[in-house]
Structures are given as C-alpha cells and as structure tokens.
Amino acid sequence: MEAALVSVATGVLKPVIGKLTVLLGNEYKRFKTVHKEIKSLTRELDAMEAFLLKMSEEEDPDVQDKVWMNEVRELSYDMEDAIDDFMQSISDKDEKPDGFIEKIKSSLGKLGKMKARRRIGKEIQDLKNQIKEVGERNARYKGRQTFTSTKNETVDPRALAIFEHASKLVGIDGPKADIIKLLAQEDGRASTQQQLKIVSIVGSGGMGKTTLANQVYQELRGQYECWAFVSVSRNPDMTKILRTILSEVARKDYGGTEAGSTLQLISKIADFLEDKRYFVVVDDIWDVDTWDIIKRAFPATSSTSRIITTTRINSVAHSCCSSFNGGIYNIRGLDMVHSRQLFHRRLFKSDEDCPSYLEEISEQILEKCDGLPLAIIAISGLLANTERRENMWNQVKDSIGRALERNPSVEGMMKILSLSYFDLPAYLKTCLLYLSIYQEDSTIEKEYLIRRWIGEGFIHTDGRYTAYELGERCFNELVNRGLIQPAKTSEYGIVKSCRVHDTILDFIISKSIEENFVTLLGVPILTIGNQSKVVHRLCLQGVEEGNSPVLTADLVFSHVRSLTVVRGLLKIIPSLEEFRHLRVLDFMYCSELEDHHLENIVRLFQLRYLNLRRTKISKLPEQIGHLGCLEVLDLRGTLVKELPASIVNLGKLMHLLVNDDVKFPDGIAKMQALETLKDVNASIQPLDFMCGLGQLKNLRNLRVDLYFEFDYHTEDTNMVGEEHNKAIVSSLCKLGTQKLRSITIYGGRSLINVESLCLPFSAPIEDLYFHFTSFPQVPTWVGSLRNLQRLRLALEGLKQDDLCTLGALPSLLCEVGFRFLKIFIYDAYFKQVDLMFGTGSMPKLEKLELNEFRMVEANSLGFGIENLPRLTSVKCIDVVGDDGIVEAVEREASTHPNHPSLLFQIFRF
C-alpha cells in the first residue's frame, strides 16, 4: 500500500503536491512565470516529503531534525489552506463546490484575468519563500536503516487465538480458580451480619486484570438472577456507567433514555437489586471518589451476591474491600512456561516449533518481558512482521534495552510500544494515532473507524481495491500486531469492533500530542499547556460548563480538519462556518445538537464525512447537495424522515446510512459513487427509486426491507403494487450482475419465493442474509451463487434436495460435501430433526450451533460429531428431548478427539 494522502509523518504535503501538480497541466502553460514557480516548489516539496517519511522511522531524532519536521508539517497545512482558499474565492458564488481539483478545471478561464494571475503568482512565491526559509534551518537530509516488515491483508488466526475463550487462554486457570475460591469463602460472621462479598483485583497495566475478571464473570454469572459488567476508566461518565449497570441487571436498554440523575439512577439500581442475587464486575477504577459513588447502588445486605473490581491502585483496592466483606487479589505475571506458550502461539502455527537458532534469543526476549502479557503480545506482534533471522531478532532485543528490567510496568512497556510503533509503515502510524480520539474502554466499531480514516484522507482507493477494503487491511494489520484487541466478532468469526488497551492508549495519546496530530479537550490527565495552540483535529471529551473558557482559550481553529464531539457543550464551539477547511464532522450521540446548528454546514466545501447518528436532528439543509466532496453520511437513530431533493447531487457519496423509515427523493440513479446503502424500506419509496436502485453500478452492500403493505382491493392500487414489485425485483437482479457483495433482505417471501429473483451464476455476492421470512425449500437460484461465502436462510423444513442445492456452492462448499465450511448454525424452530454428520462431510467445521432443536430417538446414537475433526465448539440452545438422548450426546462430545479443549454446552428448554 502506498503512503496515505494525509499522514502523521508528512501532514498534508501529499495533497498539496497533488494540487500543485494539477496547476502544472497544459491549461496553465500560458502562465509561464507561475508555471515555473510551481514546478520548483513541487520538486522541493517532493524532496521534503521523502525526507519526512524516512525520519518518521527514527525512534529518537535529534532536536534540530524534530523542530524542522514539525515546521514543515505545520507549513503543509498553511499551504493547502492557501491554495483551497484561493480557488474557492475566485469561483462563482452560486457554483456548487466540488473539491479543489474540479474547481481548477472550472476556473481556468478566470485565471486569464490579470488580477487573478498576479494573485496566484504571489501566493506561489510566498509559499516558496516560506519553504526556503524553513529548509535553510536544516541542511541535512538523511535517514537511517530500520527493521524490514511484511504486511498482513487479513486477520491472522494466531493473533485472534490469544483473545479466545477460557479453554485457550494462557495461564488463566490458576488465577481464575483463586478468584472463584475467594468469592466462595464465608466470612464467619453471624447470618444477620453477613455482607455482600467483594474481591478486588489489583496490578499494573498490561497484567491481564480485565481478562481475568471477565473469565470469572463468564463462568459464574449464570448462577445469579442478574449480572452486569461495566468499565469505569480515568474520565468516568457517571450517568453512562450507572445506566449501563441498570440496563444489564434489568435486561432493558436505558442507554438512549433520560433515566434520571446520578442519585435517581443509584436509587433505581438499589431498588431493583434489593431482593435479588446479583453478580457485578466494575472494571478499571482509578480513584476512591468514583468508587464511593458507584458502591451506593449495591445493597450491602445481599450476602449471596458478589462483586469483582479491578484497579491499578492499591488504595482503591483497599477502599473497595473495606466497603463490603472482601479481599484483595494481587495479580501476578506469567511464569516462563506460560510466557513461552503465549509468545509461540502468536508467532508459530500449532504444528510448528520455534526454530533452534531462535530459541536462545526468544528466551532472552521473554526474560525482559517479565511475564507481562501485554508486553509479550506487543513484542510478538512486532516479531511476526519481522524476518525470522537471528540478527533481526537480536536488533529487537537490543532495542528494548534494559528498560523492562528497571521498571516492567511503565518505562519498559513504553519502550516496547515505542519500538512497535516505529516499526509501522507511515500509513499505519497515522491510523493508529487516530485512535487517540476515543475514550478509555470504548468499543470501537470497525466500519465506523474505517470510514473516518477514509474521510480524513488517510486511505484512498488504489484502483484494485476500494478505500474501505484497504481500510480493512489496515485494521487487520493493527490486530495482527497486537496494537488493538478484537472486542466483538460476528457469528461467522469476523471481527466487528475493537478496543485499545489503556496502556497503549496512553502511549498513542502522548505521540499524538507530540506530533500535534490530535487536540483533546476535557481529558483530566491532559492540560491545554501540553498541546499546541494550532489545532488540526479537535476532539471534545467531557467539556463541562465550568472548564470550557479555559480549554478553548487562545486556540487557533482556522486549520481544523476534523471536529468530534464525544461529550461536552456545543456552545463553546465557534459557528461551523469558522471551520472552513473541515473534512470530518462527527456529532454521534450529541444530545444537544439541533437542526439550527447545521445551518452553515453547506459552506464546508471540503467536508467528506458527516456523522449525525443518534442525535435529535429532524431534517437536513435543503442545499445539502452542495457538499460535493461528501463521501460518508450517517443518519441512523435521528428523527429525519425524508431526504432533501438535492441529496442526489452528492456525486462522491459512497456510504449512506439511514433509518428504515426514511423516504428518498427521485434521482437515486445519479448517485453512482454509492457503495453502501442501509436501511431502505422499499414500501415507502417512489417508483423512480425502485427503478434507479438497479442502476447503482458501484453498490457493494445493500440492506433492504421488502415488507410491502399495498392495498390490493382496487384496480389502481393493484397496478401500483405490481409496478413496485417488478421494479425492485428487476433492480436486485441487475445489482447481482454488477459489484454487489453483500445483501440483507427483511421479509419479501412473496417476491422471492416465486423464483422471480434469478441471479446469474457469475454474481459476485459473498453474503446473503434473509430475516423475518421463511421458505418451504432452498430457492434453486441460491445454488447458482458461485461466490457465496455466508448464508442465513430460514426453512420450514430441511430436505435432502436442500442439502444438494447448498452443496453446489463452490466458495462455501464442495460437490462432495461441505469441504470448506467452518461455521454451521442451525435454527430448527422446535421441529424434530434427524441430523447425522458422516465421515468427511464437514472436515473443516470448527463451530456447531443448534438452536431450538427437538431431539428424536435417532439422536440417541449421537450426531456423529466424532466425524468433525476440527471441531472446537458445540452449542445446543433451547434443546427439547429426554434425559437419555441428551446424555448420549454429552457422552459423544466427551469422547471427541479434541476433548477436553472442545467447548460443549447444552441449554435445556
């Protein structure tokens, strides 16, 4: 992957060079003086960009180089703003802005004017003088050799393995047993004096406190009436934390409601838990005051309930235990045996041993890691991208130095993270540092993150792959290197979200501030004095009434490229028209946002990303179509019911996300850049939309609701209904011949089951999901989808012909059986099914899940799971059957070759 357009290393030099290159086109040759200056400036900037990229690989550049690098980066923002402002100022007032490149083409004639010619000449000469002045301060263009690395395009299974379930976690069994024993111990008091039992896990960052607490939680929570797991972090949003606890214990979503003040929430939780046995984990507590508030929600007299807390701070652990009847568990590092297992699991395949010539150096590296899991994960992630040569691994070991030996919990960990960071290519450094805008303990959606990367200009299409596909590769590589952790995976094993460990977040925040990459306001651990006054990417996290004037004092907002409001006051932000060069605007979950706040948004002619998700916005500006550079628009969870007519003029919009009650205007066929379109309710769309949908030649991801509610009692309405039906089926067929990769359909049985939807054998569809509808049999056209990899389909009954149809899917299956299938989920809807897996039927199956399954007498012989050699997990949910049949299946699992590592669970109905 080539260097990103925008990066932490080079600022916006690359976009500036691109824009200057356009000025070197044939149309500008008549302006000889200007042409000459631009050419000279471009050469100078090319050299500087190459030097900055080399210097970005230096872990510790000297002071002079560092100052020069910062000056060039800051100057790049000034240059881009100057060029953009110039081109915007000479355009017609009523012209639709469509980005700088298009502006140049539409403004060629205007540059013939003497005044404009003199002005651009002066702008270019001024920029060149500034470059010359900065360059004279640093005459040395040099770079030193760094580690070579390889790039991973998909998530490495070995990287995911270290985050798997308890049976595969290294060194977890002993500590987990210790915690469970502490929770079970009686305090010896009289029953009238018995209190709630608590255990506080304490240890430094990266020791695995959260992982340990979560494993105990997963094992024990089913023994209690209600349960909750909540993360606190250094900058706690107390209302959000208490809402999370209330939502989880009550099994009701209070996240989007006004559930009350802190005291009201505490009262609601305490009242709900008063007569119940509960189990709660309160993770990552940083101060005693925070715990003093949270603990009030837990009735102290519930002697049969249990709480686990985790913290890095001993005084907090003691405070937790003194509140109730409890004990402290000091978490220890891994011993050498477990350290070696974790290290090897990430670096080598299951059937592969460490090469003999690397054994000694591996042991030396592990000694430096001192049993710290996060350190082992980070360093193994680095080595996984380094050649397996002794001298290369020695360089890594020597780079760690003696830091870990001096202070394994802080200084050494920072050294390892620094080493891992400087081994990253420039585009990955940029993507990683961008995570500093997210709060501690956040769960970050992969799709959301990648779209923001694209909006910032960090990633762009290279012709072979879309920008989103390249973003996925960046995401996967950060997972592979252990710098981000998988948070949630889909039922198909696809990573859907990630988390950033607190220690890693501390590191990337410090690097972001050092590079003036992100400005964070409202974060308690930071003061505005630590950060540059010139802001490029602004993120508000918890700005309150009392501290807002101090936080915004003396800041320069004129060069801001992105604005994110996580939690804070909108009124401290200047009017949107002050952010003239904004590329990314994110108000997700901002409850204060109202329609009038968006009045000036159409003046943001460079805006690429707009997220209004879960806000109270009810309508978009009528002139939203003037945002000609917009690529992502997220309106999910808003009050918007109808899109403005001008939205179809957004010729660069790639991802459009709306609620399923939003009506589209005519002209959808004009939006040829669309790649993602969710969620479309076909029944409320105009006929023009139904027809135009099939003309979106670049659409790759579609989610559509086909529940039609037309009234067929009159001839006229019948005609309307038939026209809509034919139009949507025709459009879906057309999309199937183009670039569509994933389609999710809600309802639509009346349209699809009559075989009217006929997709060609060459259809590129990889994911096909049907919800809230069932079929008497597998539609025959499904068997023609040769690229299909994932299928969700509800049948009224499973027949042999259905299995034959599915068996013809070459990307998912093979002609002699399900040769490549890894996950098989079967919802039986309490029907009797005689299911048996024969020898060789699913040789690569890893996960088997049977839901609402009624066992029959034939199942007393088992399912034949001994014929599934790769099986790692069997889950039977809501099973109906007599004890003898269930026991027979359990015995079959106990004799499987993968026992006892095989995870087997049966939940009786």
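Count residues from 1 along the sequence.
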Student: Would you mind reporting whether Leu424 and Cys431 have side-chain heavy atoms less than 4.5 Å apart?
Tutor: no
Student: Would Phe298 and Ser305 satisfy side chain to side chain contact (heavy atoms under 4.5 Å, CB included), going step by step from the backbone distance to the final call?
Tutor: CA-CA 9 Å; Phe298 306 124; Ser305 298; over 6 Å; no
Student: I'd like to check the side chain to side chain contact (heavy atoms under 4.5 Å, CB included) partners of Gln218; sequence neighbours left out, ordered by chain and number.
Tutor: Asn214, Arg221
Student: Is there a side-chain contact between Lys616 and Leu593 in this structure, where contact means two heavy atoms from C-beta onward sitting under 4.5 Å apart?
Tutor: no
Student: Using the salt bridge (Lys or Arg N to Asp or Glu O under 4.0 Å) rule, collect all pairs that involve residues 314-332, keeping only residues at least two apart or in two chains.
Tutor: Asp178-Arg332
Student: Do Arg499 and Ile444 come within less than 4.5 Å of each other through their side chains, counting heavy atoms only?
Tutor: no
Student: Does anything in residues 275-290 pair up under salt bridge (Lys or Arg N to Asp or Glu O under 4.0 Å), and if so which pairs, sequence neighbours excluded?
Tutor: none
Student: Is the ring pair Tyr609/Tyr448 parallel, tilted or perpendicular, if the boundaries are 30 and 60 degrees?
Tutor: tilted
Student: Flag the pair Arg473 and Glu477 as a salt bridge only when some basic side-chain nitrogen lies within less than 4.0 angstrom of an acidic carboxylate oxygen.
Tutor: no
Student: Taking the side chain from Thr244 and the backbone from Lys240, do they hold a donor-acceptor pair closer than 3.5 Å?
Tutor: yes
Student: Among Lys488, Glu472, Lys496, find the residue that satisfies the side-chain contact (heavy atoms from CB on, under 4.5 Å) test when tested with Lys446.
Tutor: Glu472
Student: Does Glu514 have any salt bridge (Lys or Arg N to Asp or Glu O under 4.0 Å) partners at least two apart in sequence or in another chain, and if so, which?
Tutor: Lys66, Lys511
Student: We want to know whether Glu456 and Tyr434 form a side-chain donor-acceptor pair, criterion being a heavy-atom distance below 3.5 angstrom.
Tutor: yes
Student: Could you tell me whether the side chain of Leu505 reaches within less than 4.5 Å of the side chain of Leu435, counting heavy atoms only?
Tutor: no
Student: When you compare the side chain of Leu334 with that of Pro373, does any pair of heavy atoms fall below 4.5 Å?
Tutor: yes
Student: Between the side chain of Ser442 and the main-chain N/O of Tyr438, is any donor-acceptor distance below 3.5 Å?
Tutor: no
Student: Quick one about Arg452 and Thr564 (side-chain donor to acceptor, distance below 3.5 Å, no hydrogens or angles considered), yes or no?
Tutor: yes
Student: My understanding is that only one of Asn330, Thr309, Asn314, Thr311 makes a side chain to side chain donor-acceptor pair (under 3.5 Å) with Ser200; could you say which?
Tutor: Thr309
Student: Quick one: does Leu433's side chain get under 4.5 Å of Tyr421's, heavy atoms only?
Tutor: yes
Student: Mind checking side chain to side chain contact (heavy atoms under 4.5 Å, CB included) for Ile293 and listing every partner two or more places apart, or none if nothing turns up?
Tutor: Met238, Thr262, Ile266
Student: Under the side-chain hydrogen bond (donor to acceptor under 3.5 Å, both in side chains) criterion, do Ser233 and Trp286 qualify, and how do the steps go?
Tutor: CA-CA 7 Å; Ser233 79; Trp286 281 80; over 6 Å; no
Student: Are the side chains of Leu342 and Arg345 in touch, meaning some heavy atoms are under 4.5 Å apart?
Tutor: no
Student: Begin from the C-alpha positions of Ile307 and Phe279 and carry the test side chain to side chain contact (heavy atoms under 4.5 Å, CB included) through to its verdict.
Tutor: CA-CA 6 Å; Ile307 291 178; Phe279 182 31; over 6 Å; no
Student: Counting distance only, does the side-chain N/O of Glu248 pair as donor-acceptor with the main-chain N or O of Phe229 below 3.5 Å?
Tutor: yes
Student: On a heavy-atom basis, which atom in Val216 and which in Lys176 lie closest, and how many Å separate them?
Tutor: CG2-CG, 3.7 Å
Student: How about Ser303 and Leu196: do any of their side-chain heavy atoms sit closer than 4.5 Å?
Tutor: no
Student: Taking only residues two or more places apart in sequence, or in another chain, which ones meet Phe517 in a ring-ring contact (aromatic ring centres under 6.0 Å, His included)?
Tutor: Phe458
Student: Taking the basic N atoms (NZ, or NE/NH1/NH2) and the acidic carboxylate oxygens, is any pair closer than 4.0 Å for Glu445 and Arg613?
Tutor: yes
Student: Evaluate the criterion side chain to side chain contact (heavy atoms under 4.5 Å, CB included) for residue pair Ile198 and Asn325; output intermediate values, then yes/no.
Tutor: CA-CA 6 Å; Ile198 187 171; Asn325 170 34; over 6 Å; no
Student: Is the ring centre of Tyr224 less than 6.0 Å from the ring centre of Tyr278?
Tutor: no
